[in-house]
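Note: hydrogens, waters and symmetry copies are ignored here, and every other heavy atom, side chains too, is used.
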Amino acid sequence: MNKKEELKSRVNFSYYEENLTQKEIGSLLNISRQRVNAILNANSNHKLRKSRRIEKKTISRKVQFHKNTGPTVAIPKDMLERIGINEENKDAEIKIDGQSIVIKRKNK
C-alpha cells in the first residue's frame, strides 16, 4: 500500500470507526482539516456512511449563556436534516422528557 492509500485508509478508519472529528484527525495525522474533508468526500459512499455515523452519535455540548439573549446550544446541521428539519421545513417540536430534551420535526 502506498503512502496516499495508507493516509486515505487511516482517515476513513478514524472518522467512521473511531468517530473522531475532522479537526482531531488532522491534528493526529498532521494534515489540514480541509485535506481530511477532501479525502472523505472523495469516497462515493461518504454521504451514506456519514448518515449511519450520525444515527449512532450522541453529541455533548455546553449551553452558552449570553447577557442580552437566551441560552443557546449548537446542534449539527446533519442531525437536524436526518429528522427532516431543513431550510424548507424549519418547524420543530421541542419537549423535555425527564432529563432529556427531545427534538422532533413538526408535521404540518
Side-chain angles (χ1 to χ4, degrees):
M1 185 183 308
N2 65 32
K3 285 187 177 188
K4 189 175 181 179
E5 291 299 318
E6 184 178 336
L7 180 63
K8 282 183 184 180
S9 177
R10 291 180 75 190
V11 166
N12 285 314
F13 181 79
S14 297
Y15 186 77
Y16 297 116
E17 304 302 324
E18 294 180 329
N19 288 320
L20 296 179
T21 65
Q22 292 181 12
K23 186 177 181 180
E24 291 169 333
I25 296 167
S27 294
L28 181 70
L29 301 176
N30 200 27
I31 59 176
S32 70
R33 186 207 53 80
Q34 291 83 356
R35 177 98 189 268
V36 172
N37 186 43
I39 291 169
L40 292 171
N41 283 313
N43 295 332
S44 58
N45 62 352
H46 172 63
K47 287 187 178 188
L48 176 63
R49 290 182 75 184
K50 186 176 178 182
S51 70
R52 288 183 185 147
R53 180 179 186 249
I54 290 168
E55 283 177 359
K56 298 184 249 177
K57 188 172 186 176
T58 300
I59 60 169
S60 240
R61 296 285 192 267
K62 289 185 179 181
V63 176
Q64 297 178 359
F65 290 88
H66 306 282
K67 288 183 182 179
N68 298 326
T69 61
T72 60
V73 176
I75 299 171
K77 180 181 175 186
D78 294 343
M79 286 185 143
L80 294 174
E81 287 176 342
R82 185 78 184 141
I83 61 172
I85 298 173
N86 54 36
E87 287 294 321
E88 292 81 38
N89 187 6
K90 298 178 185 178
D91 294 329
E93 178 182 303
I94 302 171
K95 70 178 183 176
I96 296 174
D97 184 13
Q99 295 216 347
S100 299
I101 295 176
V102 178
I103 302 172
K104 292 182 178 179
R105 179 175 42 99
K106 196 172 182 180
N107 294 326
K108 292 184 178 185

Taking [X] for the side chain and [Y] for the main chain, is one N or O donor matched with an acceptor at less than 3.5 Å?
X   : Y    : result
D97 : S100 : no
E5  : N2   : no
N86 : E88  : yes

Could you pull out the closest heavy-atom pair between [X] and [Y], with the gap in Å?
X   : Y    : answer
A92 : I85  : CB-CD1, 3.6 Å
I83 : I103 : CD1-O, 3.6 Å
K90 : E87  : CE-O, 3.0 Å

Rounded at 0.5 Å granularity, tell me how far [atom1] in [X] sits from [atom2] in [Y].
X   : Y   : atom1 : atom2 : answer
E81 : N89 : CD    : CG    : 11.5 Å
I39 : N12 : CD1   : CG    : 8.0 Å
Q22 : L40 : CD    : CG    : 5.5 Å
K23 : R33 : NZ    : CZ    : 10.0 Å

Are the side chains of Y15 and N43 in touch, meaning some heavy atoms are under 4.5 Å apart? no
Does the side chain of V63 come within less than 4.5 Å of T72's, by heavy atoms? no
When hydrophobic residues are tied together by side-chain contacts of less than 4.5 Å, even through go-betweens, does V73 share a cluster with V102? no
Is L28 reachable from L7 through a run of hydrophobic residues whose side-chain heavy atoms are each under 4.5 Å from the next? yes
